[in-house]
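Just below is one structure, and these are the notes that go with it.
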Amino acid sequence: MARRKQIYEGKAKILYEGPEPGTLIQYFKDDATAFNAEKHAVLEGKGILNNRISEFIMSGIERIGIPTHFIRRLNMREQLIRQVEIIPLEVVVRNVAAGSMVKRLGLKEGDLLPRPVIEFYLKDDKLGDPLVTEDHVNAFGWANPQEMDDILNMAMRVNDFLSGLFSAVNIRLVDFKIEFGRQFEGDLMRVILADEISPDSCRLWDMDTNYILDKDRFRKDLGGLTDAYREVATRLGIIKENDKRDTKGPVLVSSNEEK
Ligand code: TMP
């Protein structure tokens with residue numbers, strides 16, 4: 001079988017050349033990193049869960065009219081996506097005080113913010129993804145004002161969509177990070193949602209107990225990360241209760257048992 005051309009390898013995903021021009025294949029690894037890859041582990045099944053959860057969320061976002069790079073899931077670990085030029089910003093939306101915002105501003109973790117707050121971080125591992133202002137973004141040309149307008153608008157709509165989706169299954173959406181890219185079609189260019197949306201890139205707390213259901217389980221050495229991600233997928237109705245096969249890679253099944 002011909003080897004596919006690898007375009008890019010990130011901390012949790014690999015991008016391969018797609019079957020048609022303008023497409024790529026996004027492969028979800030089991031690797032987890034934190035603190036700019038200072039901390040690393042391989043958590044069996046994480047990639048499979050994130051592939052399914054991101055598929056579910058991106059499809060829902062597409063249905064409410066926000067363009068995304070997602071085309072379709074191909075298999076347990078891969079999805080077909082539109083090729084974009086990534087805008088070098090991590091766009092964070094926060095509803096509840098947590099993480100770096102608590103440290104930076106001296107807030108109390110868990111406090112509801114007066115309103116959703118958007119932050120921009122420059123995607124630059126060497127600099128540790130520093131917080132930047134919209135004026136930095138404009139002055140250095142990382143995105144133009146029209147693009148920033150689209151990004152702000154889509155980020156707020158994604159926040160409303162995700163807050164509703166998760167609250168319906170008793171999960172509080174504390175905050176999340178999204179990325180955008182430029183898609184070129186002939187002379188036309190549009191900004192679309194890219195990357196992934198999964199418990200790797202969100203903070204998700206059980207509404208009754210505040211039990212952490214996201215990558216903070218790894219960052220804070222709490223254990224039980226894949227069980228938590230599986231719980232998120234189960235509550236969203238993506239996988240069936242106790243269906244371990246959905247996250248364990250290929251398994252041998254008896255002749256008449258399909259899925
Ligand atoms: P922070 O509180 O550490 O700044 O994180 C804000 C949100 O962004 C949180 O949901 C986790 C997510 N995030 C990423 O997806 N990638 C990152 O590299 C970082 C630092 C945060």
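Indexing begins at 1, ligand by ligand and atom by atom, following the structure's order. Note that this is a predicted model, so its numbers are computed, not measured.
Evaluated by nearest non-hydrogen atom to atom 16 (N) of ligand 1, the leading choice among Lys177, Glu196, Glu119, Arg94 is Lys177.
Remark: side-chain polar atoms of Arg190 are not paired, donor with acceptor, to backbone N or O of Gln183 under 3.5 angstrom.
When only interatomic distances are considered, the shortest N/O to N/O separation between Asp129 and ligand 1 does not fall below 3.5 Å.
For atom 3 (O) of ligand 1, the nearest non-hydrogen atom of the protein is Arg203 NH2, 3.6 Å. Protein heavy atom closest to atom 4 (O) of ligand 1, with residue, atom name and distance, is Ser100 OG, 2.6 Å. Shortest contact from atom 7 (C) of ligand 1 to any protein heavy atom: Asp175 OD1, 3.7 Å. When only non-hydrogen protein atoms are considered, atom 19 (C) of ligand 1 lies nearest to Glu90 OE1, 4.4 Å.
Counting heavy atoms of neighbouring residues, nucleotides and ligands inside a 6.0 Å radius, atom CZ of Arg104 exceeds 12 of them.
Distances below 4.0 Å separate heavy atoms of Tyr121 from the following atoms of ligand 1: 4 (O). Of all atoms in ligand 1, listed by their number and element, those nearer than 4.0 Å to a heavy atom of Phe176 are 10 (O). Each of the atoms 2 (O) of ligand 1 lies under 4.0 Å from some heavy atom of Gly99.
One finds the CD1 atom of Ile61 at 7.0 Å from the CD1 atom of Ile57 (value rounded to the nearest 0.5 Å). The CZ atom of Phe161 sits 8.5 Å away from the CD1 atom of Ile197 when rounded to the nearest 0.5 Å.
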Worksheet entry | Verdict with reasoning, Arg217 to Thr226, per side-chain hydrogen bond (donor to acceptor under 3.5 Å, both in side chains) | CA-CA 9 Å; Arg217 299 213 70 80; Thr226 49; over 6 Å; no

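Heavy atoms of Arg219 come nearer than 4.0 angstrom to ligand 1 in at least one pair.
Contact of the Ser167 side chain with the Met207 side chain is registered, since non-hydrogen atoms from C-beta on lie closer than 4.5 Å.
In this pair, Trp142 and His136 present their aromatic rings tilted. The plane angle is within the 30 to 60° band.
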